[in-house]
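Working notes for the structure below.
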Amino acid sequence: MRVLASAPAKIILFGEHSVVYGKPAIAAAINLRTYVEAELRDDKKIRIEAHDIKVPGLTVSFSENEIYFESDYGKAAEVLSYVRQAIELAMEEAGVRRGINVSITSQIPVGAGLGSSAAVAVATIGAVSKLLGLELTREEVAKLGHKVELLVQGASSGIDPTVSAIGGFLYYEKGNFEHLPFMELPIVVGYTGSSGSTKELVAMVRRRYESMPELIVPILNAMGKLVEKAREVITSELDEEEKFAKLGELMNINHGLLDALGVSTKKLSELVYAARTAGALGAKITGAGGGGCMYALAPGRQREVATAITIAGGTPMITEISREGLRIEEVMK
Ligand code: MEV
């Protein structure tokens, strides 16, 4: 038997970074996916094959790596440390150790703030646990995905693996989530072309928090309140036009607060301002920042905003929310 699992990328709409401090955040799964195929081997080896792991500026295709490899593939190696932990945890959970082949293909750029590591971890846990005869719920996979992030990156709120495992449009707070009413969001994601390390950015915010709590705590509190306001707007009876206008305003405030935390870059700000000038109602960083992506809310102006992002030197992606999170299929040989 072979098992094929896939999990989506995500965008954080509101509340990245403050979510690490127990504040709420709102995120959605998007329609870029990571695919992981797993099958049993006759021996005890674990082999990971990774195809097309998209790393900014580098597309790596390699195969026949043993799991405990030392590698100089940079960001791709970082992704593989998530795979390795995900396999270990799935085996621990199943209480069996078997030799397996794991093959990964991903459409999600690495280090772009779109949750590539979480999607890889979730899809790997899904595929390996099913292969070992374990029926985990999506929530259980999300919790294991969170453990993987804690092991690899040191600190994590768990929002990325939760959105990737569950899918759709979620309000998240301290490990718990709630589905928000589904909305078609006319957004454009703009990729700066450079990557940021979530681990380093989360650690950098932590240093600021520890050295200047009197300044940073009010910023994090404001972000938490802003997320509550966004939830009120999303769940309100307002018509779509009014909702978009209010959400756009909240996005712009959220961007300013993230900039104050120090996670924006010149390029991210340029893409944000280019999008706003081209008619977006709001634009902000999405994810950890330090490079990676921004997104803009642009009802009726998606094409114009995408063009403006291109002219400003970014790569636009017009994406849709994916209702589907982790998907697992058994494939008979
Ligand atoms: C990364 O997508 C979101 C952060 O808030 C980190 C986390 O929540 O674990 C920066």
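Start at 1 and go down the list; that is how both ligands and their atoms are numbered. Positions are given from 1 along the sequence.
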Do any N/O atoms on [X] end up under 3.5 angstrom from N/O atoms on ligand 1?
X      : result
Ser157 : yes
Asp160 : yes
His17  : yes

Could you tell me, atom by atom, which parts of ligand 1 come under 4.0 Å of a heavy atom of [X]?
X      : result
Glu16  : 5 (O)
Lys10  : 2 (O)
Ile159 : 8 (O)
Val19  : 5 (O), 8 (O)
Val20  : 5 (O), 6 (C), 7 (C), 8 (O)
Ser156 : 9 (O)
Ile12  : 2 (O), 3 (C)

message: I need the minimum non-hydrogen distance between Ala94 and Leu132, along with the two atoms involved.
response: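 Looking at all heavy atoms of both residues, the closest pair is CB-CB, 3.9 Å.
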NZ/NE/NH1/NH2 to OD/OE distance under 4.0 Å, [X] and [Y]:
X      : Y      : value
Arg47  : Glu49  : yes
Lys243 : Glu237 : no
Glu330 : Lys130 : yes

message: Side chains of Asn221 and Lys23: any donor to acceptor distance under 3.5 Å?
response: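 Side-chain D/A pair, Lys23 to Asn221: present.
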message: Taking the ring of Tyr171 and the ring of Phe177, is the distance between their centroids below 6.0 Å?
response: no
task: Describe, in one word, how the ring planes of Tyr21 and Tyr209 are oriented to each other, choosing from parallel (under 30°), tilted (30 to 60°) and perpendicular (over 60°).
output: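 The arrangement is tilted - the two ring planes meet at 30° to 60°.
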